[in-house]
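Computed from a predicted structure; not experimentally measured.
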Amino acid sequence: MIIIRRTAAMILLGFGLAVLAAAAEPAGRTLYVSKLGNNSDGSSWARAYTTVQAALSAVPDEQGGHRIILRPDTYFEAMLFPAQKGAAGRYNELVGDVDGMLGSGSTGPVVIDAGDPGLKGFKSYDWWGPIRSYAKGWSPEHKEATFSAIGWDRWRLANLYVTGGDGGIFFDLTDQVKPFSVLVEDCVGIGRAFGGGVASCLSRPDEPITFRRCHLWALDFWGDTSGAYCRVENEAMPSRPDVVFEDCVLVGPQCSLKASNFGFHTFTRIKVARCRLVTLNFSQPAGTPTDGIIQSVQEGKLLHVDLEDTTMMGYKVFGVIVKKDTVGDIGSTVKGDVKAYIQFQQEAPKGIERLSGWPVDVFQSITPPLPHRKTPYVSREFVKADLCEMAPLTWEGTPAYLECIRPAAGGTAADFHLEIREAASGRIRARFAEGYGLASIFVHEGEALVFASRWESAGWRDVTLFRSRDLRTWTSEPIIRGDHEGLFNSSVCLGPDGFILAYESDDAQYPPFTIKFARSKDLRTWVKLPEATFGTNRYTACPCIRYANGFYYVLYLEQRTPRWFFETYITRSRDLVHWELSAANPVLTPEGLDEGINASDPELAEESGRTILYFADGDQRTWVNLKKAVYPGPLAAFLESWFKTPGIPDWGSAGAGSARRTR
């Protein structure tokens, strides 16, 4: 071991600058990925590709400097590979717009989830992961052609949260053992075997493989696992690092950093600067201890590690799996403040300070950070259990709720009815409309107007208008009949063209569900507006319509396929025909431990200059609770706040015509 103090001459000066220069601002083509786009050519957020792979396949040439920007979202994709490499001094980029500074209009994590395509969970399977590489003959089941990750040469990946497969951000060049450079910054990589790393490659002295400010996690103790795994096929130990980790957190149950492999005799040099290496194993010698926080699999001499200002935690620092007695041959240098917290019977290598107390700050750091998703709400709180559809109203100066009483599933008409209940006292002011539900309310000129759908054993039918001026005597009349379709939730607002009814349909010519519209001048005669239909290409349900300052706004429910996961979105239109989605969607997403996978059935009210957004959480199957979120401003300001960034044309509206694409 060589110990280098801070007063010593600096070594390896310049390799970081070379990487930075190589990954400078790209000057090639920029491609966009967003599930709000129309999946055409990726040239703008409106025309964005809806999958990461589509954008990677569209990289036009090997001139480099091309950039792919991903809108915050979860992308269920695996085995990704680009059509082209980058170039010297002109790295390509795959970047998540986590803070909205690249124009997506949204904030939050960009997740690439390589889990099972059948949505059965984490896919722990050899040669399956976010980055495509594959070795034919690895097992009897591996029968496809060998594939190398060499296509990622001279790419920069940034602001991504990558998980779901055997490897995280891991590049295996398999049968293409060639010079390879990649820069990974501000990413989270999680895999069964590896959180990140490289294998079967050569390095470039002035463009080392670099991971910077990354959290890399391995989830398994069995096999050749490690937070980061690096195997560069040098015939002798190089004088400069092949791989550099700067300001990273490397975590795993077996080890944090590993090189070499069984039967391999090639050399790898790694620099670890300002990192935290945490191996989740403090076993007893007679138990199941790990071979080391830092390991060389085959023999010690095949690994050299340069440690700088780094803290480690685990059973012991260095280890070898095969030729265990060669552990002393692991080469290392120590610079600055290098510490280790290890099992009390193990020795700390020379030059590494042994910590006597649990390093709380280091252990706390292992949690992967998540980009903050901005929220406009000042509070979010529980309202009532076992209630899904609820609409607020004020009757004779008293705040009240219209509640839809119904079973979670099944039942007969007698199990369905509507109640109007005072908010403060809980007093029931009205009980009516047996056999009806999915209702909304609109109070106009002293009259309560309730729009509800009729329950039948075959499903929900028609929209019926119930009217009352005293909440005791009610009249009813069907106003919208389904055209061979079920009709579900509905909502009404007053606009410059009269009263507008938004209603949910399962019209068979579209994917369920679709939102349609009707207009009335007098609240008695309603005219359907077939050209004013949106959601023709996806699930859109539970509309809540309002009018403000020249726009009709609709909050509605999106199923975030392929998951069973539901969020409230917002869209707007001047004419009910051409709709634009907010780039800042979703308006609501399920949060915390108690909201399940659902944030549905939005309803809006303005109270004392604040906007109250009521919604239902739950699992969309067996349980539901009512909640509310509070926006500290009037309703018009709340609606307009979602369009600070220009909206995205909704290609699933009837008005989009031939430009429509399937998302």
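Between Ile366 and Trp217 the shortest side-chain heavy-atom distance falls below 4.5 Å. The side-chain heavy atoms of Phe442 and Leu494, taken from C-beta on, include a pair separated by under 4.5 Å. Annotation: side chain of Tyr552 is in contact with side chain of Asp497 (closest heavy-atom distance under 4.5 Å). Inter-residue side-chain proximity for Pro369 and Tyr161 is flagged as unmet; no heavy-atom pair is nearer than 4.5 Å. Contact check for Leu402 versus Leu418: side-chain heavy atoms found under the 4.5 Å cut-off. Residues Lys528 and Ile480 meet the side-chain proximity criterion, which asks for heavy atoms closer than 4.5 Å. Counting only heavy atoms from C-beta outward, the side chains of Asp601 and Asn489 approach each other to under 4.5 Å. Asp617 has its side chain out of reach of Pro590: every pair of non-hydrogen atoms, C-beta onward, lies at least 4.5 Å apart.
Remark: side-chain polar atoms of Asp97 are paired, donor with acceptor, to backbone N or O of Leu102 under 3.5 angstrom. In this structure, the side chain of Ser468 engages the main chain of Thr473 through a donor-acceptor pair within 3.5 Å. A donor-acceptor contact shorter than 3.5 Å is absent between the side chain of Thr611 and the backbone of Glu606. Checking side-chain atoms of Lys35 against main-chain N and O of Thr74 turns up a donor-acceptor pair under 3.5 Å. Using modelled atom types, no side-chain atom of Glu456 and backbone atom of Arg461 make a donor-acceptor pair closer than 3.5 Å. Asn159 contributes no side-chain N or O that, together with a main-chain N or O of Val95, makes up a donor-acceptor pair within less than 3.5 Å. Of the possible donor and acceptor atoms, none in the side chain of Glu447 sits under 3.5 Å from a partner among the backbone N and O of Glu445. Remark: the backbone N or O of Gly486 is paired with a side-chain donor or acceptor of Asp506 at under 3.5 angstrom. For Gln559 (side chain) and Arg563 (main-chain N/O), a donor-acceptor pair under 3.5 Å exists by modelled atom type. The closest donor-acceptor contact from the side chain of Ser582 to the backbone of Thr571 lies at 3.5 Å or more, if one exists at all.
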Candidate pair Glu591 and Arg373, rule salt bridge (charged side-chain N to carboxylate O under 4.0 Å, His left out), full reasoning: CA-CA 12 Å; Glu591 297 178 356; Arg373 185 178 187 274; 5.5 Å; no
For the pair Trp455 and Leu438, evaluate side-chain contact (heavy atoms from CB on, under 4.5 Å) and give the outcome as yes or no after the intermediate values. CA-CA 9 Å; Trp455 167 255; Leu438 308 183; over 6 Å; no
Could you check Leu523 against Leu449 for side-chain contact (heavy atoms from CB on, under 4.5 Å), going step by step and ending with a plain yes or no? CA-CA 9 Å; Leu523 288 170; Leu449 305 157; 3.4 Å; yes
Stepwise ring pair (Phe, Tyr, Trp, His ring centres under 6.0 Å) test for Tyr614 and Tyr401: CA-CA 11 Å; Tyr614 296 90; Tyr401 299 138; 5.7 Å; yes
Could you go through Arg421 and Met390, starting from their C-alpha distance and side-chain angles, then the distance that decides it, and tell me whether this counts as side-chain contact (heavy atoms from CB on, under 4.5 Å)? CA-CA 10 Å; Arg421 184 186 299 266; Met390 187 281 291; over 6 Å; no
If you apply the rule side chain to side chain donor-acceptor pair (under 3.5 Å), what do you find for Asp619 with Thr622, and how did you get there? CA-CA 6 Å; Asp619 66 357; Thr622 61; 2.6 Å; yes
Between Thr540 and Val554, is a side-chain contact (heavy atoms from CB on, under 4.5 Å) present by the stated rule, with each step listed? CA-CA 11 Å; Thr540 55; Val554 175; over 6 Å; no
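Between the OG1 atom of Thr589 and the CD1 atom of Ile597 there is a distance of 10.5 Å, given to the nearest 0.5 Å. Once rounded to the nearest 0.5 Å, the distance linking CZ of Phe499 with CG of Leu465 reads 11.0 Å. Taking CD of Glu558 as the reference point, atom CG of Leu36 lies at 8.0 Å (rounded to 0.5 Å). To the nearest 0.5 Å, the span separating CZ on Arg429 from CG on Leu393 amounts to 9.5 Å. Rounding to the nearest 0.5 Å places CZ of Arg519 at 12.0 Å from CG of Leu501. Rounded to the nearest 0.5 Å, atoms OH (Tyr631) and CG (Leu613) are 12.5 Å apart.
Phe534 has its ring centre less than 6.0 Å from the ring centre of Tyr556. Between Tyr436 and Phe466, the gap from one ring centroid to the other is short of 6.0 Å. Centroid-to-centroid, the aromatic rings of Tyr503 and Phe451 stay 6.0 Å apart or farther.
A side-chain hydrogen bond (donor to acceptor under 3.5 Å, both in side chains) with Glu403 is found for exactly one of Lys384, Arg431, His417, namely Lys384.
Aromatic ring pairs are classed by plane angle as parallel below 30°, tilted from 30° to 60° and perpendicular above 60°; the pair Tyr377 and Trp642 is tilted.
A salt bridge links Glu595 with Arg380: the distance from a Lys NZ or Arg NE/NH1/NH2 to an Asp or Glu carboxylate oxygen falls below 4.0 Å. Using a 4.0 Å cut-off between a side-chain N of Lys or Arg and a carboxylate O of Asp or Glu, Glu607 and Lys628 do not qualify as a salt bridge. Here Arg472 pairs with Asp470 in a salt bridge; the nearest charged N to carboxylate O distance falls below 4.0 Å. Contact check on Glu389 versus Arg406 returns a salt bridge, with a Lys/Arg side-chain nitrogen under 4.0 Å from an Asp/Glu carboxylate oxygen.
The minimum heavy-atom distance between Arg546 and Leu639, with the atom names listed, is CB-CD1, 4.0 Å. Closest approach of Arg560 and Asp73 over heavy atoms only: NH2-OD2, 2.8 Å. In terms of heavy-atom proximity, Cys542 sits nearest to Glu504 at N-OE1, 3.0 Å. Heavy atoms only, all atoms of each residue included: Lys627 and Val383 are closest at C-CG2, 3.7 Å. Among all heavy-atom pairs drawn from Leu80 and Val52, the shortest one is CD1-CG1, 4.0 Å. Nearest heavy-atom pair across Thr536 and Ser653 is OG1-N, 4.1 Å.
Atom CZ of Arg610 has 12 or fewer neighbouring heavy atoms from other residues, nucleotides or ligands inside a 6.0 Å radius.
Side-chain contact annotation: Ser600 with Asn598, donor-acceptor N/O pair under 3.5 Å present.
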